[in-house]
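In this chain, residues are counted from 1 in sequence order.
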Amino acid sequence: MTGTSITVTTINVNGIRAAVKQRSEQNLGMLPWLEQTSADVIALQEVRADEDQVAKALAPALAAGWHLAFAPSVTKGRNGVAVLSRLEPDAVRVGFGSDTFDAGGRYLEVDLGRLTVASLYLPSGDVGTEKQDEKDAFRAEFGEYLAGLGRKRRDVVVCGDWNIGHTELDIKNWKGNVKNSGFLPEEREWMSQHIGTGRAFKDVVRELHPDAPGPYSWWSWRGKAFDNDSGWRIDLQIANNSLAKRAVGARVERADAYALRWSDHAPVTVEYSVAPPR
């Protein structure tokens, strides 16, 4: 945080222990990225570890002064969200008041002065299965909470893996996915109910890049999806209007070479100007 701006990054790490592991001389893992990042706050999803394992994996970063807030899942090896911040949070809240989902490691909020940063891992789905039922139930409950969150008189950004491509610009092969979870009409309509013109929240990257395909943030490990940039834009920063209008730059930190990837997702980073004192 420079005093005039704050930089926020969101990244699905696809398992924190795997993300920090050095795989080769070229792929040094997540920790070197963390050492050089300009981010002041980093929202992590799919941590897939318990508190001791997370602390061990991130030990160099914590020793360097990062503060960790963590919401694990009661199911071992699943889900888990966290927030790393250079400043110690004023408050930490796990979950959004759901008896069904709050123990699942899918939502966490931290307050940093006048800013609330949330880390969200919305369930993935599979049409015709219980996984899709879970995703639909989560959307229904979280949508109600999100509507109330947008009315708070403070800056709010919900970062995370939303597991939904909102528009045709958000998936390279959108025509082949119209009947698949992640691009279903009802999922896209749900996004439109909460995000966009006249809504409480704005999709910050899309606001800054309104007509460009992508920029994609997730690519399958299969084939040459990454090399061909055949991806999905599902890692989003959704800011309320007071904050979204102060977004001054956004980028997806896509690795320059396939060997450098330490997750199947890429960090999505946004710089916001700081609001003047009230």
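Taking each heavy atom of Ala247 and Val204 in turn, the nearest pair found is CB-CG1, 3.4 Å. Of all non-hydrogen atoms in Gly97 and Asp102, the two that sit nearest each other are N-OD2, 2.9 Å. Nearest approach of Gly165 to Ile234, heavy atoms of both residues: N-CG2, 4.0 Å. The heavy-atom pair separating Ser38 from Arg251 by the smallest distance is OG-NH2, 3.5 Å. Minimum interatomic distance between Glu141 and Ser98 (heavy atoms only, all atoms of both residues): OE1-OG, 2.8 Å. When every heavy atom of Ala118 is checked against every heavy atom of Glu109, the shortest pair comes out as CB-CG, 3.9 Å.
Between Lys135 and Asp126 there is no salt bridge, since none of the side-chain N atoms of the basic residue sits less than 4.0 Å from a carboxylate O of the acidic one. Here Asp229 does not pair with Lys224 in a salt bridge; the nearest charged N to carboxylate O distance is not below 4.0 Å. Using a 4.0 Å cut-off between a side-chain N of Lys or Arg and a carboxylate O of Asp or Glu, Glu207 and Lys245 do not qualify as a salt bridge.
Screening residues 17-62 for ring pair (Phe, Tyr, Trp, His ring centres under 6.0 Å) gives Trp33-Trp262 as the qualifying pairs, with residues at least two apart or on separate chains. Under the ring pair (Phe, Tyr, Trp, His ring centres under 6.0 Å) criterion, no residue pair touches residues 47-82, with sequence neighbours excluded. A ring pair (Phe, Tyr, Trp, His ring centres under 6.0 Å) check over residues 146-184, counting only residues at least two apart or in different chains, returns nothing. Pairs of residues two or more places apart, or lying in two chains, never qualify as ring pair (Phe, Tyr, Trp, His ring centres under 6.0 Å) while including a residue from residues 115-137.
In this structure, the side chains of Val47 and Val81 stay at 4.5 Å or more apart for every pair of heavy atoms. Side-chain contact check for Leu236 versus Val205: every heavy-atom pair is 4.5 Å or farther apart.
The backbone N or O of Gly182 sits nowhere less than 3.5 Å from a side-chain atom of Asn163 that would complete a donor-acceptor pair. Between the side chain of Ser119 and the backbone N or O of Leu44, at least one donor-acceptor pair lies under 3.5 Å. Remark: the backbone N or O of Val268 is paired with a side-chain donor or acceptor of Gln237 at under 3.5 angstrom. Checked by atom type and distance alone, the side chain of Asn12 never pairs as donor or acceptor with a backbone atom of Gly160 at under 3.5 Å. Here the side chain of Arg254 pairs no donor or acceptor atom with the backbone of Pro267 at under 3.5 angstrom.
For CZ of Arg93, the number of neighbouring non-hydrogen atoms (other residues, nucleotides, ligands) closer than 6.0 Å is greater than 12.
In this model, no donor atom of one side chain and acceptor atom of the other lie less than 3.5 Å apart for Arg188 and Thr167. In this model, a donor atom of one side chain and an acceptor atom of the other lie less than 3.5 Å apart for Ser217 and Asp235.
Relative ring orientation between Tyr107 and Tyr145 is described as perpendicular, the plane-to-plane angle rising above 60° on a 0-90° scale split at 30° and 60°.
Checked against Phe226 for a ring-ring contact (aromatic ring centres under 6.0 Å, His included), the options Trp232, Trp219, Trp218, Tyr216 give a single hit: Trp219.
Checked against side chain to side chain donor-acceptor pair (under 3.5 Å), Lys202 has the following partners two or more places apart in sequence or in another chain: Asn241.
Other members of the cluster containing Val127 are Leu184, with ILVMFWY side chains joined at under 4.5 Å, either directly or via other members.
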